[in-house]
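Okay, structure first, notes after.
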2 protein chains.
Amino acid sequence: MVVSELSEQDVNRIFRALADPTRRDIVRRTLVAAISVSQLADCYQMSFAAVQKHVAVLEDARLVTKESRGRERMVRGNLDRIRQAQRLLDRFEDMWRARTDRLDNLLAKSDPAPSAL
Amino acid sequence: MVVSELSEQDVNRIFRALADPTRRDIVRRTLVAAISVSQLADCYQMSFAAVQKHVAVLEDARLVTKESRGRERMVRGNLDRIRQAQRLLDRFEDMWRARTDRLDNLLAKSDPAPSAL
DNA sequence: TTATCGTACAACCAAATGGTTGTATCAGAG
DNA sequence: CTCTGATACAACCATTTGGTTGTACGATAA
């Protein structure tokens, strides 16, 4: 189990990184198989440097990792990070459920003291 | 079932909206119970207009909805949108699984024609 | 060694972001 | 009607973002 608590900054970076189509595509591709930065750059119409920056953003968010192989840097998608993001969204679900639980309580108990309603 | 396909723009907006701590907090609060914009503004140290902008970003991403009630606008979190975001992340999982499936295939069949490897 | 490929990084630029203040509008209380 | 509270929205500003080009450097192929 990954206990590593995510800081607000971490969460910012994860969602920010996912908020760009090119970066999402890079994550998808690198989850399927590790690819070098230049191979990635060939996939898109922008410059090599631009792709490099996108990879850097993803790396900063730990959504991908880089690994030297000869003169290339292989980029590999990090599924764990995706799963952490999913758990973040789960927590929103929890908030919502807390609300309905509270309503259920109210109805079940039929408590005659509805606070500030 | 919600068939509504999300455009790339939609996805951009959803993740972008979630990439800010204040906005995530607004989503959490409004999932628990509908709150007016001014009540929300009281929760944070920034100006009313700033909070209003955050709500607008969330509304644009359809992560919250606004509903007039008297002279107030009640903000309500939209759980469906959170779930759509989760399904987006599921698809990354799918990509990864496709990769392992392919590897499994390779091993199981021990096919002597590994394409371009 | 030399040329080349893959990468890193700096400098620059336009557009978007996240905040501010100020002004206008609209609904409800007196 | 008038005052006030809640909202909307424009204008402005600093910083970040997403792209560019250019330069430098390490690893490999010839």
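Chain identifiers are assigned alphabetically (A, B, ...) following the order of the sequence lines, protein sequences preceding nucleic acid strands; residue numbering begins at 1 within each chain.
The backbone N or O of A:R16 lies less than 3.5 Å from a partner atom in the side chain of A:R23, making a donor-acceptor pair. Between the side chain of B:R24 and the main chain of B:L18, a donor-acceptor pair closer than 3.5 Å is present.
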Going 5' to 3' through nucleotides 5-12 of chain D, assign each nucleotide B (protein heavy atom under 4.0 Å from a base atom), S (under 4.0 Å only from sugar-phosphate atoms) or - (no protein heavy atom that close). BSBBB-B-
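Among the protein residues, A:R23 comes within range of the sugar-phosphate backbone only, with heavy atoms under 4.0 Å from sugar or phosphate atoms but none that close to a base.
Here D:dG19 is the nucleotide among D:dG19, C:dG18, C:dG19 with the atom lying nearest to any side-chain atom of A:H54.
Taking atom CZ on B:R69 and atom C1' on C:dC26, their separation rounds to 18 Å, with Å as the unit. For A:R13 and D:dT17, the CZ to P distance is 10 Å, given to the nearest whole Å. Distance CD (A:Q45) to P (D:dG18): 18 Å, rounded to an integer number of Å. A straight line from CG of B:D20 to C1' of D:dT15 spans 14 Å, rounded to a whole angstrom. Whole-Å rounding puts the B:Y44 OH to C:dT20 P distance at 14 Å. A:I35 places its CD1 atom 16 Å from the C1' atom of C:dT7, with the value rounded to the nearest Å. What separates CG of A:N12 from P of D:dT17 is a distance of 10 Å, to the nearest Å.
Looking at A:R28 and A:D25, a side-chain N of the basic residue comes within less than 4.0 Å of a carboxylate O on the acidic one, giving a salt bridge. Between B:R97 and B:D94 there is a salt bridge, since a side-chain N of the basic residue sits under 4.0 Å from a carboxylate O of the acidic one.
For the salt bridge (charged side-chain N to carboxylate O under 4.0 Å, His left out) with B:E59, the lone residue among B:K53, B:R81, B:R76, B:K66 that qualifies is B:K66.
Between A:G70 and A:T22, the residue anchored nearer the 5' end of DNA chain D, judged by the nucleotide with its closest heavy atom, is A:T22.
At the phosphate of C:dG18, OP1 or OP2 sits under 4.0 Å from a side-chain N or O atom of B:R16.
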What's the verdict on side chain to side chain donor-acceptor pair (under 3.5 Å) for B:D90 and A:Q86, showing C-alpha distance, side-chain angles and the deciding distance? CA-CA 8 Å; B:D90 285 340; A:Q86 281 191 308; 2.5 Å; yes
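In terms of heavy-atom proximity, B:A17 sits nearest to B:L58 at CB-CD2, 4.0 Å.
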